[in-house]
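Accompanying notes for the structure given below.
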Amino acid sequence: MPDLHPITRQLLEWYRVHARPLPWRESPHPYATWLSEVILQQTRVETGTAYWHRFLEQYPTVKDLAEAPIESVMRSWKGLGYYSRARNLHAAAKAVMDQRDGQLPILAADWRALPGIGDYTAAAIASICHGEAVPVVDGNVQRVLSRLFDIADPVDRKSGRDAIRAWSEALVSEATPGASNQAWMELGALVCKPRNPACPDCPVREACLARQRGTWADRPVKQPKKKQVTMTVDFDVAIRKVDSRWEWWVERRPDRGIWGGLESFPATLTEGAGRDRDPQSVWGPVDHILTHRRLTGWFHLHTGDAASDLARCHPGGSWIPLDDADRAWPRMVDKVLPELRSRAVKN
DNA sequence: AAGCCGGGGCA
DNA sequence: TGCCCAGGCTT
């Protein structure tokens, strides 16, 4: 067994003092840790914490999660983004119940086989909950190690990834891998931040090559990202009145693609900014930014026969009450619900 | 290897 | 505006 690397020893002392009291650290168990790691994929701790509490409350065990309808899980995930995480989480819970007799994996390799669990998440759970000495590499670790060892290769190419991987394996604590993994991430989150890193507070500053060489602002090196594509989204909102109560037509979007698995008014996405719509007949524009798309939304209101026709053209959807709020739509739809409600009532 | 997938916060 | 966030899946 390799000795504890002196740099990691320094780091662990710092971590014992400065670790944030995050709720999933209080008494970690595999199910709760799994939930936290999936929720936190590409999601800030401040954003994910409330969702984690809600998920544990609504689905206390993997059995509860597996038996919950997917609509419920999607609704719980609403607003978090990257909705394939919710579908994969639910599928993995069912796989655990059906194929593993309800027993969660122990080894990272077995966690890795479940949907929605990649190298990072598998290593995080196995190291934190079972002491398996596998290193984690997330965005924090990429940044911290690329600075510490002044890695000039892009971290999103093989050469850079290999360098980060090699250092992470050399640095992981064999005795307390869960602590050292979380400590490296915590250092990135609290001290070695993307901008304005707090180098004077850093427990490993003496060893940091980027600090010595003045290259810290240029680490990590990443490939330039492509520009966002502009797209137009036309929503068809069909409304009708039944027994003095308003309803409208929603459909579930396919699992693949934007807002997969979420509910929405029937929507048509077209490339480009699109022609201006007539403000008399539609509500808009509503701008919305995704990671790789810049969307402009227009909402077309249909009533009477036009509403019936639209519903017929989109089988698989359903009429739902206008005041039904607790459903899993994307933020884009949420943004305009109040306006659409007031327009519907006037109609 | 590259593209796709949300939403929000911050300089 | 652009970048980043306890990434993973598909092609």
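Throughout, a chain's letter reflects where its sequence line sits, starting with A, and its residues are numbered from 1.
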* **Boundaries of the DNA chain C segment in contact with chain A, non-hydrogen, under 4.0 Å** =>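 Using the under 4.0 Å cut-off, the span is dG2(C) to dT11(C).
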* **Any pair counted as side-chain hydrogen bond (donor to acceptor under 3.5 Å, both in side chains), so long as it reaches residues 104-125 of chain A, sequence neighbours left out** => E37(A)-Y120(A), Q41(A)-T121(A), R112(A)-D119(A)
* **Summary of side-chain hydrogen bond (donor to acceptor under 3.5 Å, both in side chains) pairs that have at least one residue in residues 232-244 of chain A, sequence neighbours excluded** =>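 Passing the test, one end in residues 232-244 of chain A: D234(A)-R277(A), D234(A)-H300(A), D236(A)-H302(A), R240(A)-E247(A).
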* To do: Taking side chain to side chain donor-acceptor pair (under 3.5 Å) as the test, write out the residues that go with Q223(A), two or more places apart.
  =>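 Applying side chain to side chain donor-acceptor pair (under 3.5 Å) to Q223(A) gives R157(A).
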* To do: Could you pull out all residues at least two apart from D255(A) that satisfy side chain to side chain donor-acceptor pair (under 3.5 Å)?
  =>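 Only R252(A) meet the side chain to side chain donor-acceptor pair (under 3.5 Å) criterion with D255(A).
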Scan [X] against the nucleic acid and name what it touches under 4.0 Å (heavy atoms): base, sugar-phosphate only, or nothing.
X: V136(A); answer: nothing
X: G188(A); answer: nothing
X: R87(A); answer: nothing

Show me the side-chain donor-acceptor pairs of residues 196-208 of chain A shorter than 3.5 Å, one per line, residues at least two apart or across chains.
from: R205(A); atom 1: NH1; to: C202(A); atom 2: O; distance (Å): 2.5

* Check: W77(A) ring centre within less than 6.0 Å of F55(A) ring centre -> yes
Within this structure, what is the [atom1]-to-[atom2] distance between [X] and [N], rounded to whole angstrom?
X: K226(A); N: dC4(B); atom1: NZ; atom2: P; result: 7 Å
X: R253(A); N: dC4(B); atom1: CZ; atom2: C1'; result: 14 Å
X: Q223(A); N: dC4(B); atom1: CD; atom2: C1'; result: 16 Å
X: K225(A); N: dA1(B); atom1: NZ; atom2: C1'; result: 16 Å

* Please state whether the rings of W167(A) and H5(A) are parallel, tilted or perpendicular, taking 30° and 60° as the class boundaries. =>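 Answer is perpendicular, since the angle exceeds 60°.
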* Give a yes/no on whether any side-chain N or O of H292(A) is located under 4.0 angstrom from OP1 or OP2 of dC4(B). =>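 Checking dC4(B) against H292(A), no side-chain N or O comes under 4.0 Å of OP1 or OP2.
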* Asked: Under a 4.0 Å N-O cut-off, is there an ion pair linking R343(A) with E339(A)?
  ->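 Judged by the 4.0 Å cut-off on N to carboxylate O distance, R343(A) and E339(A) do form a salt bridge.
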* Asked: Would you call R312(A) and D309(A) a salt bridge, taking side-chain N to carboxylate O under 4.0 Å as the test?
  ->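 Yes.
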* Residue mapping more 5' on DNA chain C - nearest nucleotide basis, N140(A) or L114(A) -> N140(A)
* To do: By nearest nucleotide on DNA chain C, pick out whichever of S36(A) and N88(A) is the more 5' one.
  =>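 Comparing both residues, the 5'-ward one is S36(A).
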Given the [atom1] atoms of [N] and [M], what is the spacing between them in whole Å?
N: dT10(C); M: dG6(B); atom1: P; answer: 14 Å
N: dA11(B); M: dA6(C); atom1: P; answer: 15 Å
N: dC3(C); M: dG3(B); atom1: P; answer: 15 Å

* Could you identify which residues cluster with V17(A), counting Ile, Leu, Val, Met, Phe, Trp and Tyr as linked when any side-chain heavy atoms lie under 4.5 Å apart, either directly or through a chain of such contacts? => none
Are there any protein N/O atoms within less than 3.5 Å of an N/O atom in nucleotides 7-11 of chain B, and if so, which ones and at what distance?
from: dG7(B); atom 1: OP1; to: Y83(A); atom 2: OH; distance (Å): 3.0
from: dG7(B); atom 1: OP1; to: R331(A); atom 2: N; distance (Å): 3.2
from: dG7(B); atom 1: OP2; to: W259(A); atom 2: NE1; distance (Å): 3.2
from: dG7(B); atom 1: OP2; to: H288(A); atom 2: NE2; distance (Å): 2.8
from: dG8(B); atom 1: OP1; to: R331(A); atom 2: NE; distance (Å): 2.8
from: dG8(B); atom 1: N2; to: R44(A); atom 2: NE; distance (Å): 3.0
from: dG8(B); atom 1: N2; to: R44(A); atom 2: NH2; distance (Å): 2.5

* Test side chain to side chain contact (heavy atoms under 4.5 Å, CB included) applied to P321(A) - qualifying residues, sequence neighbours left out -> D323(A), D324(A)
* Asked: Quick one, which residues of residues 118-128 of chain A touch DNA chain C with a heavy atom under 4.0 Å?
  ->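 Hits under 4.0 Å, by residue number: G118(A), D119(A), Y120(A), T121(A).
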* Asked: Heavy atom of residues 13-35 of chain A under 4.0 Å from DNA chain C: which residues?
  -> L22(A), W24(A), R25(A)
* If you pin K158(A) and R256(A) to their nearest nucleotides in DNA chain B, which one's is more 5'? -> K158(A)
* Asked: What pairs with E67(A) under salt bridge (charged side-chain N to carboxylate O under 4.0 Å, His left out), at least two apart in sequence or on another chain?
  ->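 Scan of E67(A) (salt bridge (charged side-chain N to carboxylate O under 4.0 Å, His left out), adjacent residues dropped) gives K63(A).
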* So if you build clusters from Ile, Leu, Val, Met, Phe, Trp, Tyr with side-chain heavy-atom gaps below 4.5 Å, do V282(A) and L295(A) land together? ->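 No.
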* Between T43(A) and Y51(A), does a side-chain hydrogen bond (donor to acceptor under 3.5 Å, both in side chains) hold up when you go through it step by step? -> CA-CA 11 Å; T43(A) 304; Y51(A) 282 85; over 6 Å; no
